[in-house]
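Since the structure comes first, as structure tokens, the remarks are kept for the end.
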Amino acid sequence: QVHLVESGGGLVQAGGSLRLTCVAAGRTFSNRAMGWFRQAPGNEREFVATISWSGGSTLYANSVKGRFTISRDNAKNTVYLRLDDLKPEDTAVYYCASTPQSTYSYYSDRYDSWGQGTQVTVSS
């Protein structure tokens, strides 16, 4: 497992942008695929984006494709999620997660480490 800490959430108007950052503690970060999930009040946690260990492969939920970008810097043990053209329906707590597998996954049960979450609120 790795210890994950997210930051970068906040309140933004519709159409605005944010960049979420997740810093990992642990020497195995570069061997692990990473993901972002989100949970809105009253809803189940849902997949947002995932990236392979090398950063060479990514996958997005249809609802964010073309608006969000996941990336990573293994030298800094950090994964990012750029959120552009935000919509009120993007409002949620965003969680960073790490899986021991090197290939990406959109299944939350493949992830063994989770951050505490960062709130993103989009006003209309």
Side-chain angles (χ1 to χ4, degrees):
Q1 293 187 338
V2 296
H3 180 64
L4 304 171
V5 178
E6 305 100 328
S7 62
L11 173 64
V12 63
Q13 290 187 332
S17 298
L18 287 171
R19 188 179 78 160
L20 307 184
T21 298
C22 173
V23 180
R27 292 178 291 177
T28 61
F29 174 80
S30 60
N31 297 333
R32 290 170 161 257
M34 299 292 294
W36 287 94
F37 294 77
R38 67 185 181 185
Q39 187 168 19
N43 290 356
E44 293 186 353
R45 185 170 55 192
E46 65 175 0
F47 165 75
V48 175
T50 181
I51 189 167
S52 64
W53 71 275
S54 66
S57 298
T58 58
L59 182 70
Y60 298 91
N62 287 336
S63 59
V64 307
K65 195 176 298 183
R67 299 188 298 119
F68 292 8
T69 304
I70 189 171
S71 61
R72 67 189 294 162
D73 185 340
N74 286 343
K76 296 182 178 180
N77 278 14
T78 301
V79 62
Y80 306 96
L81 186 67
R82 172 78 180 185
L83 291 67
D84 292 315
D85 189 23
L86 281 160
K87 306 173 186 284
E89 52 265 41
D90 294 318
T91 295
V93 177
Y94 284 71
Y95 297 92
C96 172
S98 174
T99 172
Q101 62 186 60
S102 59
T103 54
Y104 63 53
S105 177
Y106 53 79
Y107 294 111
S108 62
D109 60 1
R110 301 287 175 87
Y111 292 80
D112 66 353
S113 302
W114 294 82
Q116 83 288 348
T118 186
Q119 177 71 48
V120 172
T121 303
V122 184
S123 63
S124 57

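For clarity, every value in this text was computed on a predicted model and none was experimentally measured.
The closest side-chain heavy-atom distance from Ile51 to Tyr104 is not below 4.5 Å. Residues Leu83 and Arg67 fail the side-chain proximity criterion, which asks for heavy atoms closer than 4.5 Å. You'll find the side chain of Asn77 stays beyond 4.5 Å of the side chain of Val2, heavy atoms only. Side-chain contact between Thr103 and Ser57: absent, with no pair of heavy atoms (C-beta onward) separated by less than 4.5 Å. Residues Thr91 and Arg38 form no side-chain contact, since every pair of their non-hydrogen atoms from C-beta on lies 4.5 Å or further apart.
Annotation: Glu44, atom CD; neighbour count of heavy atoms from other residues, nucleotides and ligands within 6.0 Å does not exceed 12.
Listed for the Thr69 side chain is no donor-acceptor partner under 3.5 Å among the backbone atoms of Arg82. Of the possible polar contacts, none joining the Gln101 side chain to the Ala33 backbone as a donor-acceptor pair under 3.5 Å is found. The closest donor-acceptor contact from the side chain of Thr50 to the backbone of Met34 lies under 3.5 Å. At least one donor-acceptor pair closer than 3.5 Å links the side chain of Glu6 to the backbone N or O of Gly117.
Considering all non-hydrogen atoms of both residues, Ser105 and Phe47 come closest at O-CE1, 4.1 Å. Across all their heavy atoms, Ile70 and Trp36 have their closest contact at CD1-CD1, 3.6 Å. Nearest heavy-atom pair, Pro88 versus Ala14, reported as atom, atom and distance to 0.1 Å: CD-CB, 4.2 Å. The minimum heavy-atom distance linking Arg32 with Arg72 is given by the pair O-NH1, 2.8 Å. Of all non-hydrogen atoms in Asn74 and Trp53, the two that sit nearest each other are ND2-O, 3.0 Å. Heavy atoms only, all atoms of each residue included: Tyr111 and Thr99 are closest at CD2-N, 3.5 Å.
Under the 4.5 Å side-chain heavy-atom criterion for ILVMFWY residues, a single connected hydrophobic cluster contains both Tyr60 and Leu20. Under the 4.5 Å side-chain heavy-atom criterion for ILVMFWY residues, no single connected hydrophobic cluster contains both Val79 and Phe37.
Here the options are Val12, Leu18, Val48, Val122, the test is side chain to side chain contact (heavy atoms under 4.5 Å, CB included), and the partner is Asp90; only Val122 passes.
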From CA spacing to verdict: side-chain contact (heavy atoms from CB on, under 4.5 Å), Ser17, Asp84: CA-CA 4 Å; Ser17 298; Asp84 292 315; 2.7 Å; yes

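Using modelled atom types and a 3.5 Å distance limit, the side chains of Ser108 and Tyr95 yield no donor-acceptor pair.
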